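Below: the structure, in structure tokens.
Letters A, B, ... mirror the listed sequences (proteins, then strands); counts begin at 1. Computed from a predicted model, the values in this text were never measured in an experiment.
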Amino acid sequence: MKKILYLIFLAVAAIACTDLDDKIYDRIPADQYPENEKQVATIMTPVYLPMKSFLDDGGGWWYAQEVSSDEMTVPTRDGDWADGNKWVELHTHTWNNFNGDLNNMWFRFYEGVAEANRLIEVANEWDDNNETASFIAKLKVMRAYYYYLIIDNYGDAPYVTSYTNAPEYPTKISRSSLFDSVVKELEANIPILSDNLTKTGVSKGMAYSLLAKLYLNAETYTGRTDLWDEAEASCDSVIALGLYRLESSVTGAFITENQSSAENIWAIPYDEDSYGGFLLHLRTLHYEMQYKYDMTAGTWNGFCAMEEHYDTYTDEDKRKEGYFLVGPQFSSSGEPLYDNIAKANLVIDPFIPMLVMVKAQTFWLSYKAIRMSGARVQKFEIKMGAKFDLSNDFPIFRYADILLMKGEAMIRQGENGDEYINMIRSRAGLDPWTNVTLDQVLEERGREMFWEAHRRQDLIRFGKFGEAWWEKAASGPERTVFPIPQSALDANPNLAD
Amino acid sequence: MLIKGTEIGTTSDIEGNYSLTFSAGDMLVVSFVGYLSEEIVLGTQTQIDVQLVPDIAKLDEIIVIGYGTQKKSDKTGAVAMVTSEDFNQGMMQDPIQSIQGKVAGVSISKPGSDPNAGFKVKIRGASGFRSNTDPLYVVDGVPGVDPTTIAPEDIESFNVLKDASSTAIYGSRGSNGVILIQTKKGSVSKLNTVEFSTYFSIDKVAKKYDMLSADEVRAWADTNNISFTDNGASTDWQDEIFRTGYTQNYNLSASGGSEAANYNLSLTHTDFEGVIKGSGKKRTIGRLSLNQKAINNKLTIGATLSATVEHNDYVSYSGSGSNDVIYQALQRNPTDPVYDSLGNYFEISRDFNYFNPVAIIEQRQDERDAKRYLGNLNMDFDIYAGFSVGLNLGYRRDDSEHFIFEPSTFRNNTTSGYGKREYKNYESKLIETTLNYNNVFGKHNLNAVAGYSFQEDTETGFFAQGSDPYSDYVKSNNLGALLDVNAGDVGSWKGSFRIVSFFGRAVYNYNSKYYLTATLRQDGSSKFGKNNEWGLFPSASAAWNVHSESFMQQFDFLSQFKLRAGWGISGNQEFSNYRSILTYEVYGTAPNFDTGEDAIAFQAARNNNEDLKWEENEEYNIGLDVGFLQNRISGSFEFYNKRTYDLLNEYRVPQPPNASEITWANAGSIRNKGFEAMISAFIVEKSNISWSTNFIFSTNKIKLESLEGANYSWTDRDKKKGWISGRGVSGGYAWTQFLEEGNEIGTFFMPQYVGMDSTGNLQYQDAKGNVSTNPNYADTMRVVVGQGLPDFELGWSNTITFYNHFDLGFSLRGVFGHDIYNVTRMFYANYNNLPNLNATREALDLYEDGTRIASTPAVSSYYIEKASFLRLDYVSLGYNIPVSNLEWMKKARIYFTVNNLFTLTDYTGMDPEVKYDDNDLVVGLDQYNVYPKTRSYVFGLNVTF
């Protein structure tokens with residue numbers, strides 16, 4: 001008996017296991033990924049994912065382009081939308097580098113760069129064939145897109161193109177050197193891209209559009225004014241692909257099922273169930289307007305168009321009715337909607353009395369004004385029964401934009417751009433212009449590209465971003481770029497110049 | 001009783017009768033647990049009557065120190081024991097509540113009395129960034145057992161290992177202290193008994209917010225000539241969601257045995273009804289423990305089996321969400337009725353996020369069923385000459401199932417409904433072998449243990465959810481009734497980790513005068529990076545029993561005087577697994593961007609870090625044990641200084657070069673320094689009355705020493721803590737605390753309120769002394785204005801017995817010097833809410849005073865309140881019914897207890913208890929998320945057969 005017991009204890013001691021290797025069950029070990037064709041087909045997804053949060057707090061890009069401009073605003077509505085003053089600061093150009101949304105934008109851009117760098121090195125190990133080359137070219141174009149956003153929003157910044165051999169703390173290079181590198185990279189890789197048509201992934205149309213954007217804004221980025229012809233040529237390359245055309249309706253490109261619209265060149269493929277992140281409808285609609293669309297998510301009564309911008313649309317302009325929600329509002333069954341705090345039927349008034357509407361500070365303000373002012377936006381169709389997220393794809397590059405850019409580039413070279421600007425005007429039901437001026441281009445761009453996150457860049461290109469408007473005082477040229485986030489400066493000492 | 005120097009001995013029967021054969025001149029040693037041993041020189045008498053003196057300092061008590069026990073008088077580290085007779089009385093929601101306020105240096109807090117919420121237990125300060133800083137619980141030798149699976153009635157004792165010299169034997173899991181729980185075992189001395197105990201508790205809401213009534217809101221609107229939608233009702237929304245709760249508890253146990261075998265069997269059922277309607281917990285615990293000796297008493301085999309079945313009904317109150325009933329009830333207009341004329345829940349869209357809390361409670365299903373099992377087998381075998389071997393096998397399984405359902409009619413048909421089921425399964429396997437050596441060489445006493453331990457934990461889970469239910473009847477019991485189910489609505493997980501350890505300890509003393517203890521543990525964990533798989537945790541401690549030195553004999557008032565000193569290194573590895581390696585995790589649905597078709601994406605979640613390792617804690621402890629007047633007064637005092645470093649956190653790294661912005665790494669340090677005192681005294685010890693008292697005092701200073709290491713540091717963004725949210729406030733500047741080197745954790749950092757200007761606006765002063773009415777929010781405007789952690793805590797427990805049959809106990813507990821930022825007051829002591837939303841009476845007073853508060857109130861020290869409090873945790877009166885003439889009954893006691901009879905505090909919120917958030921880095925935020933504190937009236941009965 002004793003011996004048996006000794007044996008039991010000895011046996012337990014002898015099997016004393018010291019194996020500490022992780023047993024991995026519900027995720028894929030790095031050396032096993034990708035396992036199959038399906039994973040290979042989506043291996044590039046992480047490079048696109050940062051764009052998913054562009055329209056909301058997690059990415060901040062849309063806010064940065066729109067709220068800082070003269071076409072829309074986020075007024076403080078008594079207790080709502082104060083949010084630590086972030087909207088007011090963005091609209092009045094008084095932000096600092098602690099603004100969470102602006103900071104997130106920086107991190108999303110470099111997340112895309114880092115993922116592209118890593119995957120390029122993964123693909124460098126693959127068999128050297130056309131497929132691999134085209135895959136690497138796509139990654140390089142996506143990386144160029146993120147660098148374009150970095151150039152546009154931040155100016156001087158680190159240019160890192162390697163994953164394993166990158167410096168631990170990268171240093172900044174100048175905005176114009178960044179521009180040169182990115183343009184060079186794009187020119188080199190566009191020919192390698194495959195010809196397949198995609199509106200969600202990298203395509204030749206997307207890459208030429210990106211190149212056109214870089215050239216058109218080259219003066220902002222580098223001071224050079226000799227690249228308008230390159231901008232025009234890039235637009236021509238998009239047009240020459242023959243894949244894109246204007247929708248006949250002014251809102252045709254923005255309907256819920258717009259994924260196959262021939263007007264959209266490249267879009268973020270939002271989906272209410274499988275790819276959420278597009279919730280501007282919640283941010284703009286008045287609380288009661290949930291019942292206009294029988295929505296299953298509450299709406300937030302915030303974002304609205306600036307009155308001055310709303311007024312740039314004439315009554316003949318089809319976009320006025322197509323884009324905006326003003327006047328009395330009704331439920332889906334036709335009942336007038338009623339606001340319990342304002343104690344009145346809901347009537348949206350484009351006039352916004354002031355940026356900060358707080359009853360306790362400004363006693364003469366009515367709750368009607370506080371809660372119902374500012375034209376609301378339905379440019380992107382809000383379908384009946386809309387959920388928390390919209391399914392409409394959000395265009396980053398759109399054919400109408402290319403036409404306007406082409407026209408602008410021609411005018412900037414002293415040529416006549418009427419043909420291209422008027423294509424947009426006539427679709428909107430407006431009379432054509434002759435001898436279109438640059439100021440008119442900016443006006444028409446404002447009307448056409450509203451709500452699509454182009455306005456900040458356009459105002460800067462036309463030298464009007466620093467002007468005073470409404471409650472915004474004139475701001476200095478330093479406001480044409482955003483500050484590098486404090487947390488990025490903390491993590492990398494080389495970023496502080 | 002034993003003849004000294006022989007193995008001749010016997011035990012007395014229950015009446016105290018015994019017989020023994022001896023020779024004249026022999027010395028008889030009479031001993032009994034809890035009494036001082038007595039030695040009697042024997043002559044020729046045939047009857048020897050002995051009356052033992054109670055050992056009131058309990059120096060002979062056996063304390064548990066992890067992989068062994070020792071006499072209390074032999075301890076060298078900071079170890080405290082609380083046995084069942086000293087537990088807190090009354091309605092206990094959690095066994096750990098039994099020792100709240102009883103052990104110096106162990107801070108046990110829970111704001112409010114939610115039966116489903118756990119207590120925060122922090123031993124000598126919480127020192128971690130992202131790791132779990134709860135102590136390690138070891139139940140009958142099995143680490144990691146959740147103490148809530150044990151009925152308080154089944155617990156024999158708690159032993160708390162506080163300093164690193166004591167906890168180093170638990171290596172990489174010791175740095176937050178170790179609480180060893182011993183459950184009741186059968187024994188010969190207990191004879192065969194059956195015990196039944198029960199109590200019934202009436203739990204009342206001790207404090208409500210002073211919200212305005214419907215008439216007051218109407219009067220306000222009239223006076224100020226503001227029209228609003230008056231729906232005609234007069235509803236007290238707090239009364240609509242609160243109730244009196246009734247708690248019932250039943251425990252039946254049977255225990256007995258012989259020299260060779262004993263058993264203890266118990267069954268406990270408790271039904272906690274929460275004071276928020278719809279919330280509650282039902283729990284049944286069965287427990288069986290067996291011990292048997294064999295092979296000439298050389299082999300001892302013991303086993304414990306326990307099973308817990310628990311059902312939870314949850315109601316959400318965690319913040320300002322649409323389902324959070326406290327927030328919804330406080331803001332709700334008192335002129336709104338609960339039901340409309342048709343009997344449906346009344347809903348009105350007065351404002352964003354404004355919903356009927358009664359509808360939320362009654363319509364929303366949020367339930368959990370848990371089944372938890374523990375099996376434990378241990379064997380000890382005496383080999384030869386002081387050597388013995390031990391084997392400890394443990395198996396633990398926790399299975400739970402969660403049901404959530406919101407009907408299609410929820411919120412007046414404005415949602416699409418929702419249903420979810422989730423399963424979680426946790427399994428832990430333990431194998432431990434030990435070799436013990438115990439011997440006495442003259443005046444040298446040696447005890448040594450060496451061991452090996454292997455633990456593997458596996459966690460699995462599964463969930464499915466969807467919306468658009470076609471049946472509100474079947475709820476989440478049948479998810480098949482949900483129409484809208486998408487990819488990503490179904491998920492599951494499985495993960496595991498291992499800890500492998502080798503450990504040893506040697507305890508030596510010379511003539512019970514000089515003591516030395518040394519321990520060493522080597523821990524390997526699969527959570528650590530490849531370069532740091534194994535960690536070494538040493539400790540050493542010594543004690544000098546000064547009292548037994550000859551020069552001390554002159555101080556005859558002293559009965560005990562012992563100095564102790566200890567040093568040790570322990571660790572913490574309580575963080576998620578797979579943090580050191582790069583893996584590809586399921587991201588969820590995302591299109592194939594080339595084709596636009598639906599696909600599943602994978603993503604690298606974080607950078608790998610092959611250097612990732614445990615947090616390390618180095619601690620010095622100096623202790624003093626004294627006793628006076630035959631130990632009628634005794635005390636233990638401890639000073640400690642501990643530094644926890646290589647703290648685990650998600651650190652931000654530049655991206656690129658890194659693929660992810662996040663790397664899990666070790667950096668930074670926190671220092672805790674403190675002093676603890678525990679004093680016991682027998683104030684009165686007479687035949688018809690006795691009064692014993694225990695007093696504890698503890699103070700701890702926690703300081704953030706460093707927020708950076710060689711390659712990793714905290715960014716400013718992450719140092720901002722204590723985010724609050726409410727109407728119009730979220731993100732941006734809505735933070736209240738800042739982590740700064742040199743400061744304490746929980747330091748409030750915000751604009752300082754200094755007074756009102758002539759028009760009633762609040763004024764703030766910045767660090768340079770500038771005063772302005774604009775809180776300005778900028779970081780430069782912020783100064784240190786308060787502290788969420790207390791300066792000191794004390795506890796005073798008393799037991800008085802009189803006229804043999806009555807006993808009276810009470811326990812006072814005080815926590816002093818902490819502040820709470822009262823977000824609830826910030827948003828409800830605001831007249832701007834009126835008349836559409838409700839406000840507190842303070843709002844009216846402020847308005848009358850002329851104080852003008854913005855409709856979106858600004859973060860400022862105006863809302864910081866002193867939260868020091870003194871609470872009567874319980875007062876209990878018991879009566880032992882005389883049953884000596886009953887053959888079949890051994891004992892019967894009835895009692896009446898009141899928990900929380902009073903709380904003295906200046907704090908205006910629900911409960912001033914210390915409140916931790918966000919991995920313990922945020923302390924002292926009350927934002928509509930404190931469950932009401934109850935006052936409980938408890939009627940109880942214990943009978944022993």
inquiry  = Can you confirm whether the side chains of A:Gln486 and B:Thr715 place a donor and an acceptor under 3.5 Å from each other?
reply    =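 No, no side-chain donor-acceptor pair sits under 3.5 Å.
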
Donor-acceptor pair between B:Thr229 and A:Asn340 side chains, under 3.5 angstrom =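 Yes - a donor-acceptor pair under 3.5 Å links their side chains.
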
Between [atom1] on residue [X] and [atom2] on residue [Y], distance to nearest 0.5 Å:
X: A:Glu168; Y: B:Asn711; atom1: CD; atom2: CG; value: 5.5 Å
X: B:Gln603; Y: A:Glu115; atom1: CD; atom2: CD; value: 6.5 Å
X: B:Thr589; Y: A:Asp271; atom1: OG1; atom2: CG; value: 7.5 Å
X: A:Ile43; Y: B:Asn592; atom1: CD1; atom2: CG; value: 12.5 Å

Let's test your reading of the structure: which of [options] forms the most heavy-atom pairs below 4.5 Å with chain A?
options: B:Trp534, B:Phe454, B:Tyr831, B:Tyr578; answer: B:Tyr578
options: B:Ala601, B:Ser496, B:Ala734; answer: B:Ser496
options: B:Arg411, B:Lys527, B:Lys719, B:Lys720; answer: B:Lys720
options: B:Asp484, B:Ile226, B:Asn608; answer: B:Asp484
options: B:Tyr651, B:Phe528, B:Trp714, B:Phe228; answer: B:Phe228
options: B:Arg498, B:Lys530, B:Arg350; answer: B:Arg498

Do you know which of [options] has the most heavy-atom pairs with chain B at a distance under 4.5 angstrom?
options: A:Val160, A:Thr42, A:Asn492, A:Asp83; answer: A:Asp83
options: A:Tyr367, A:Tyr291, A:Tyr275; answer: A:Tyr275
options: A:Ala30, A:Ala166, A:Ser162, A:Gly298; answer: A:Ala30
options: A:Asn117, A:Asp57, A:Ile24, A:Val113; answer: A:Ile24
options: A:Arg371, A:Lys86, A:Lys343, A:Arg77; answer: A:Lys343
options: A:Val358, A:Asp101, A:Asp78, A:Asp294; answer: A:Asp78

Check each atom of [X] against the heavy atoms of chain B and say whether the ones under 4.5 Å are side chain, backbone, both or neither.
X: A:Lys199; result: neither
X: A:Pro170; result: side chain
X: A:Gln259; result: neither
X: A:Thr299; result: backbone
X: A:Pro485; result: neither
X: A:Ala41; result: both
X: A:Met44; result: neither
X: A:Gln32; result: neither

key: Backbone N/O of B:Thr415 and side chain of A:Thr296: donor-acceptor pair under 3.5 Å   =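 Between the backbone of B:Thr415 and the side chain of A:Thr296 there is no qualifying donor-acceptor contact (under 3.5 Å).
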
query = Are the side chain of A:Asp26 and the backbone N or O of B:Lys494 linked by a donor-acceptor pair below 3.5 Å?
reply =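 A pair under 3.5 Å: yes.
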
For [X] against [Y], the heavy-atom pair lying closest together:
X: A:Thr200; Y: B:Phe593; answer: OG1-O, 2.5 Å
X: A:Ala491; Y: B:Arg652; answer: CB-O, 4.1 Å
X: B:Asp594; Y: A:Lys138; answer: OD2-NZ, 2.7 Å
X: B:Gly495; Y: A:Tyr25; answer: CA-CD1, 4.1 Å
X: A:Thr45; Y: B:Pro591; answer: OG1-O, 3.9 Å
X: A:Pro29; Y: B:Thr583; answer: CA-CG2, 4.4 Å

key: Lys/Arg N to Asp/Glu carboxylate O, B:Asp468 vs A:Lys387, below 4.0 Å   =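 Between A:Lys387 and B:Asp468 there is no salt bridge, as every charged N stays at least 4.0 Å from the carboxylate O atoms.
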
task = Using the six-membered ring wherever Trp is involved, compare the ring planes of B:Tyr584 and A:Tyr33 and label them parallel, tilted or perpendicular (cut-offs 30° and 60°).
result =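 If you compare the ring of B:Tyr584 with that of A:Tyr33, the planes turn out parallel.
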
Relative to chain A, which segment of [X] carries a heavy atom at a distance below 4.5 Å: side chain, backbone, both, or neither?
X: B:Ser525; result: backbone
X: B:Asn836; result: side chain
X: B:Tyr712; result: neither

message = So, using ring pair (Phe, Tyr, Trp, His ring centres under 6.0 Å) as the criterion, who are the partners of A:Tyr287 when residues are at least two apart?
response =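 In terms of ring pair (Phe, Tyr, Trp, His ring centres under 6.0 Å), with neighbours along the sequence ignored, A:Tyr287 is linked to B:Phe352.
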
key: A:Ile341 vs B:Asp351, side-chain contact (heavy atoms from CB on, under 4.5 Å): CA-CA, chis, key distance, verdict   = CA-CA 7 Å; A:Ile341 287 184; B:Asp351 210 337; 3.5 Å; yes

key: Any residue meeting side-chain hydrogen bond (donor to acceptor under 3.5 Å, both in side chains) with B:Thr458, in chain and number order, not counting sequence neighbours   =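 Applying side-chain hydrogen bond (donor to acceptor under 3.5 Å, both in side chains) to B:Thr458 gives none.
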
